[in-house]
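Residues: numbered from 1 along the sequence shown. Quantities reported herein were computed from a predicted structural model and do not represent experimental measurements.
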Amino acid sequence: MNRLSLERNKIYQGNLLLVNGSCPIMGRGERDLIPADIHFPEILMRHDAAVALQQILKEIDSADRIVPVSGYRSKAEQTAIYEETLKEKGEEFTGKYVALPGHSEHQSGLAIDLGLNQEEIDFICPDFPYEGICEDFRKAAPDYGFIERYAKEKEEITGISNEPWHFRYVGIPHASVMAFHNFCLEEYLDYLKDFPYEGRHLEVHVENKSFELFYKKAEDDLTELTLPGYLPFQVSGDNREGFVFTLWR
């Protein structure tokens, strides 16, 4: 058996961090950053997310028709964007499309804004329609661990207006499970609580691979548990109060 001891601050690390108006970013999003695209070295993402993004673009043969617009942002950068948008666009627009500093997924290094490659690209609301090469990306994204984060029908839950251009890396198999159930990230993390470490686990099959998923609430100090020693696994904090475990079977 594999015995694990997780410090409580580990709930602020991983691919499944919930970052929204109620959950500020607590971890260090600047870790392990690389260019999201070799042609745009200034636009950065976490390593796993950047690699997955490049794989999707290659898979759909985007041929530079899709370009990254905004990836990792520091809190200072998000503050500047928020204040500038507030001044230029007003409070209503800013509240819909720009997260408060400290509450932006971009600070995690796991989010990317994409746009059609055209002469003029709107930094806040880039053009990424539900058709053509953009829709090809959208359909392929879950197989590589990405979700469209802010769907129109989920606005009341996410607190953000529909952003067809904003994609979030959550990893495999989570993106596929979310797409199958039409869950936003808030809904998915709540759903996983129905599969606790001590009870029945969620078993899913994606791309001919089998996974076992479960949730464990963090203890005040150390969270201790045992896993089968022969199974590879990943663990991610949820940025709230616990951990999500992913076992490859």
Side-chain angles (χ1 to χ4, degrees), residues 15-16 18-20 34-40 43-46 48-73 93 96-99 104-106 108-189 191 204-209 211:
N15 294 331
L16 288 168
L18 179 64
V19 181
N20 59 22
I34 67 170
D37 186 303
I38 59 173
H39 302 294
F40 299 85
I43 299 179
L44 306 175
M45 295 189 76
R46 293 279 295 275
D48 289 353
V51 170
L53 175 65
Q54 294 163 16
Q55 290 175 336
I56 303 173
L57 295 175
K58 181 179 180 180
E59 170 68 22
I60 64 173
D61 192 20
S62 69
D64 299 327
R65 288 177 286 170
I66 294 175
V67 294
V69 177
S70 182
Y72 167 74
R73 302 173 191 161
F93 179 92
K96 286 182 178 180
Y97 296 112
V98 183
S104 171
E105 287 197 325
H106 286 284
S108 73
L110 296 168
I112 188 74
D113 291 345
L114 301 171
L116 280 173
N117 190 1
Q118 46 198 11
E119 188 172 344
E120 293 187 9
I121 299 176
D122 188 323
F123 180 78
I124 300 298
C125 300
D127 188 19
F128 205 80
Y130 290 96
E131 61 183 14
I133 192 66
C134 297
E135 188 64 9
D136 291 342
F137 179 94
R138 196 172 277 109
K139 290 178 179 178
D143 292 339
Y144 295 85
F146 276 92
I147 58 168
E148 182 181 337
R149 178 67 173 97
Y150 302 119
K152 185 172 182 61
E153 67 271 17
K154 305 294 184 179
E155 289 177 352
E156 291 189 6
I157 301 173
T158 64
I160 296 290
S161 293
N162 178 220
E163 293 190 357
W165 57 84
H166 182 103
F167 292 84
R168 162 66 191 271
Y169 184 75
V170 294
I172 298 170
H174 307 287
S176 293
V177 179
M178 291 173 66
F180 179 80
H181 290 284
N182 191 32
F183 284 149
C184 64
L185 185 55
E186 287 84 354
E187 292 173 310
Y188 181 57
L189 291 174
Y191 172 68
V204 298
H205 305 277
V206 177
E207 296 293 320
N208 297 318
K209 296 179 181 178
F211 301 87

Euclidean distance, Phe146 CZ relative to His174 NE2, rounded to 0.5 Å = 14.0 Å

State, yes or no, whether a side-chain contact exists between Ile43 and Ser70 at a heavy-atom distance under 4.5 Å.
-> no

CG/Leu116 to CD1/Ile121 distance, rounded to the nearest 0.5 angstrom?
-> 8.0 Å

Rounded to the nearest 0.5 Å, how far does NZ of Lys154 lie from CG of Asn182?
-> 4.5 Å

Considering all heavy atoms of both residues, which atom of Ala141 and which atom of Ile56 are nearest to each other, and what is their separation?
-> CA-CD1, 3.9 Å

Does the side chain of Asp113 come within less than 4.5 Å of Phe123's, by heavy atoms?
-> no

Picking from His166, Glu163, Glu105, what satisfies side chain to side chain donor-acceptor pair (under 3.5 Å) with Arg149?
-> Glu105

Specify whether Tyr191 and Phe183 have parallel, tilted or perpendicular ring planes, treating 30° as the upper limit for parallel and 60° as the lower limit for perpendicular.
-> tilted

Check Ile133 against Asp61 and note the closest heavy-atom contact, atom names and distance.
-> CD1-O, 4.4 Å

One should read off an interatomic distance between Trp165 CH2 and Tyr97 OH, to the nearest 0.5 angstrom, of 5.5 Å

Report yes if some heavy atom in the side chain of Asn15 is under 4.5 Å from a heavy atom in the side chain of Leu110; otherwise report no.
-> yes

Do Ser176 and Phe211 touch side chain to side chain, with heavy atoms closer than 4.5 Å?
-> no

Any chance the side chains of His181 and Glu187 put a donor and an acceptor closer than 3.5 Å?
-> no

Considering all heavy atoms, the nearest Cys184-Met178 contact = C-CE, 3.6 Å

Report yes if the side chains of Phe137 and Leu53 come closer than 4.5 Å at any heavy-atom pair, otherwise no.
-> yes

Provide the closest heavy-atom pair for Tyr130 versus Asn162 in the form atom of the first, atom of the second, distance.
-> OH-ND2, 3.4 Å

Does any N or O in the side chain of Arg46 come within less than 3.5 Å of the main-chain N or O of Tyr72, such that one atom is a donor and the other an acceptor?
-> no

Could you walk me through whether Tyr169 and Ile112 pass the side-chain contact (heavy atoms from CB on, under 4.5 Å) check?
-> CA-CA 8 Å; Tyr169 184 75; Ile112 188 74; over 6 Å; no

Indicate yes or no: at least one non-hydrogen side-chain atom of Lys139 is less than 4.5 angstrom from one of Ile60.
-> no

Does the pair Asp64 and His39 meet the rule for a side-chain contact (heavy atoms from CB on, under 4.5 Å), with working shown?
-> CA-CA 9 Å; Asp64 299 327; His39 302 294; 4.3 Å; yes

For the residue pair Pro126 and Leu114, what are the closest heavy atoms and their distance?
-> CG-O, 3.5 Å

Dump the intermediate steps for side-chain contact (heavy atoms from CB on, under 4.5 Å) on Val67 and Asp37, then the final yes or no.
-> CA-CA 8 Å; Val67 294; Asp37 186 303; over 6 Å; no

Greater than 12 external heavy atoms within 6.0 Å of Phe180's CZ | no

Value rounded to 0.5 Å, distance of CE in Met45 from NE2 in His106 | 9.0 Å

Residue pair Ile124 / Phe93, side-chain heavy-atom distance below 4.5 Å | yes

So, for Val204 and Pro173, which heavy atoms are closest and what is the spacing to 0.1 Å?
-> CG2-CG, 4.0 Å

Euclidean distance, Leu18 CG relative to Tyr188 OH, rounded to 0.5 Å = 13.5 Å

Derivation of the ring-ring contact (aromatic ring centres under 6.0 Å, His included) call for Tyr144 and Phe167 = CA-CA 12 Å; Tyr144 295 85; Phe167 292 84; over 10 Å; no

